[in-house]
Amino acid sequence: MASLKKRKGTKIYQAQFYIPDLVNGGLRQVRQTTGKTRKSEALLVAAELERAAQGVLKAGSDKAQQAKAILATMSAEIERETFTASSARRHVTALLKIVTGEDMPAYSLESWTAEWLRRKARDSSKATMARYKSHAEAFLAWLGDERRKKPLESVTPQHVREWREKLQDEGRAGKTVLSYVKDLGAIYRAAMREGIVSFNPCGTAIADTATDDSQDRKPFTEGEVAKLMHSAPSEEWRGLVLVAAFTGLRLGDAARLSWEAVDLEAKQITLMPSKTKRKKREVHIPIHPDLHAYLLAAQIVNDSPAAPVFPKLAQKNVNGASGLSDTFTGIMSAAGVDRGNPSRVIEEGKDKGAGRITWEKGFHSFRHTFTSWLRNAGVSEEDRMALTGHSTRESHSIYSHADEKTGRNAIDKLPSLNSKK
């Protein structure tokens with residue numbers, strides 16, 4: 001017979017009774033809230049709960065009886081308006097265990113994020129993984145130690161909007177904030193594909209994030225590229241400027257260019273940029289005469305075809321103190337090439353904002369320079385995309401191939417820096 005009990009600190013009675021344990025044998029104690037504070041009413045509800053639990057066990061297979069018992073409990077909670085997301089997950093987990101013998105995957109935001117990062121690490125570049133980890137850790141830190149351990153579905157669109165506003169208030173540019181939110185959205189999209197959650201709380205925040213405050217990068221002029229080349233502190237840096245200007249390669253790819261990627265006889269550079277390695281997309285770039293002359297003079301006899309074109313620069317990090325990026329900033333200063341405007345206002349030499357400051361001009365401007373030179377020379381968008389490795393239109397990158405002769409003609413149209421001072 002059902003009995004009543006009150007938990008400490010509450011006035012609501014809880015029903016206690018025993019039913020046969022069809023899984024382990026013997027009897028199993030059941031405790032369910034009655035939703036009542038008056039003892040007489042609570043006794044009636046307790047009796048009803050006990051009869052319902054006993055009744056569903058009289059017919060059907062063991063599994064069916066167990067399932068019916070769970071469904072009856074769910075129904076009773078719904079009637080008493082005590083059915084919650086937490087109880088729903090608990091009951092569905094029990095049903096899945098009965099039917100399939102498998103446990104329902106139970107992830108907190110913290111544990112699912114760790115699992116998602118583990119999977120992404122298998123086919124993502126180091127730079128991409130660094131971004132994923134940074135953005136994911138930023139959201140977990142914002143949630144705090146307690147909330148990050150709650151179920152994955154506990155994050156709401158309101159949480160995401162509040163986090164986005166915090167990022168914006170700290171001074172991050174719109175495109176940077178959008179990148180943070182999109183990466184969090186990717187974590188939830190992966191969970192949705194596996195049925196772990198039923199919604200992505202980032203959808204609205206992604207759609208509503210403005211990016212019109214973000215910094216636009218500008219290309220170098222021919223004169224500025226010539227100044228940078230002549231102000232280079234070493235032959236390797238001079239060569240790196242030439243490579244960047246006439247290939248559009250990113251800093252890391254340009255600095256680590258190997259001789260096996262350079263065919264001086266065919267006058268072509270063939271490599272797979274780090275950003276597109278996962279998709280195994282190569283770029284084939286004809287070598288400009290200025291760059292060809294430099295490479296001919298710089299080539300050395302080496303037993304290893306993988307030897308770097310710039311041995312000293314290839315050993316340095318791209319970022320960080322004394323990294324290639326900071327060194328190039330110094331070269332710009334020595335050359336008298338203005339960096340342009342920063343991505344946010346710096347008052348009296350002090351920057352109180354969060355996130356990395358970007359400038360209108362930096363090493364990445366070479367990529368814009370190369371593309372602009374190609375465009376100004378009348379090279380078609382299709383051929384520009386093939387030479388730079390851009391893949392904004394996915395179908396273009398799969399089905400469109402640049403003609404080698406067309407690419408050679410395109411490079412031959414670019415200006416020479418030898419006459420620039």
Side-chain angles (χ1 to χ4, degrees), residues 217-232 234-273 276 281-300 307-310 313-314 324 328 331-332 335 337 361-390 401-421:
R217 296 294 181 91
K218 292 184 177 180
F220 294 120
T221 64
E222 291 179 34
E224 286 175 332
V225 176
K227 287 180 180 179
L228 290 168
M229 184 177 67
H230 293 303
S231 297
S234 67
E235 274 299 296
E236 285 197 12
W237 264 109
R238 190 173 78 85
L240 186 59
V241 170
L242 282 169
V243 167
F246 290 120
T247 66
L249 291 175
R250 298 173 179 86
L251 180 52
D253 291 326
R256 293 173 179 78
L257 180 68
S258 66
W259 283 110
E260 66 180 345
V262 179
D263 189 333
L264 290 174
E265 185 176 348
K267 296 182 178 180
Q268 180 169 274
I269 291 174
T270 301
L271 78 161
M272 193 175 295
T276 59
R281 187 181 297 117
E282 286 186 337
V283 292
H284 306 273
I285 310 170
I287 301 176
H288 185 275
D290 288 7
L291 178 57
H292 189 260
Y294 171 85
L295 293 172
L296 277 174
Q299 65 178 330
I300 57 174
V309 174
F310 310 115
L313 298 184
L324 296 173
F328 183 72
I331 295 174
M332 287 183 65
V337 176
K361 290 186 178 181
F363 194 91
H364 198 74
S365 291
F366 282 121
R367 193 159 175 79
H368 294 264
T369 302
F370 181 60
T371 305
S372 298
W373 284 354
L374 291 172
R375 184 181 62 248
N376 295 339
V379 179
S380 69
E381 181 183 28
E382 181 178 352
D383 291 325
R384 294 200 306 267
M385 290 181 70
L387 290 169
T388 58
H390 285 140
H401 303 274
D403 179 79
E404 184 176 342
K405 184 177 180 181
T406 302
R408 164 57 54 200
N409 291 337
I411 296 299
D412 287 343
K413 291 178 182 179
L414 299 188
S416 172
L417 298 174
N418 289 333
S419 60
K420 302 289 181 181
K421 301 234 175 166

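This is a predicted model, so every value here is computed, not measured.
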Smallest separation among heavy atoms of W259 and L295, with atom names:
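W259 and L295 have their closest heavy atoms at CH2-O, 3.6 Å.
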Answer yes or no: is there a side-chain heavy-atom contact under 4.5 Å between [X] and [Y]?
X    : Y    : answer
I269 : L291 : yes
L264 : V262 : yes
F366 : V243 : no
L296 : Q299 : yes

Answer with yes or no after comparing the ring centroid distance for F310 and W237 against a 6.0 Å cut-off, counting only values under it.
no
Validation row, ring centre F220 to ring centre F370 under 6.0 Å:
no
So how far is it from [X] [atom1] to [Y] [atom2], rounded to the nearest 0.5 Å?
X    : Y    : atom1 : atom2 : answer
S380 : R375 : OG    : CZ    : 13.0 Å
D253 : T247 : CG    : OG1   : 9.0 Å
L313 : L257 : CG    : CG    : 11.5 Å
E222 : L414 : CD    : CG    : 9.5 Å
L242 : I287 : CG    : CD1   : 12.0 Å
L251 : R367 : CG    : CZ    : 12.5 Å

List the residues meeting side-chain hydrogen bond (donor to acceptor under 3.5 Å, both in side chains) with S234, not counting sequence neighbours, and say none if there are none.
none
Sub-3.5 Å donor-acceptor pair from the side chain of [X] to the main-chain atoms of [Y], do we have one?
X    : Y    : answer
R238 : M229 : no
S258 : P308 : no
T371 : H368 : no
H288 : P415 : yes
Y294 : L240 : no
H292 : K267 : no

Residues which pass side chain to side chain contact (heavy atoms under 4.5 Å, CB included) with A377, listed by chain and number, not counting sequence neighbours:
V379, K413
Excluding sequence neighbours, so at least two apart, what forms side chain to side chain contact (heavy atoms under 4.5 Å, CB included) with H284?
Q268, T270, E282
I'd like to know if K227 pairs up with E224 as an ion pair, taking the criterion as any Lys NZ or Arg NE/NH1/NH2 lying under 4.0 Å from an Asp or Glu carboxylate oxygen.
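Salt bridge: no.
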[X]: partners by salt bridge (charged side-chain N to carboxylate O under 4.0 Å, His left out), with sequence neighbours left out:
X    : result
R256 : none
E236 : none
E260 : none

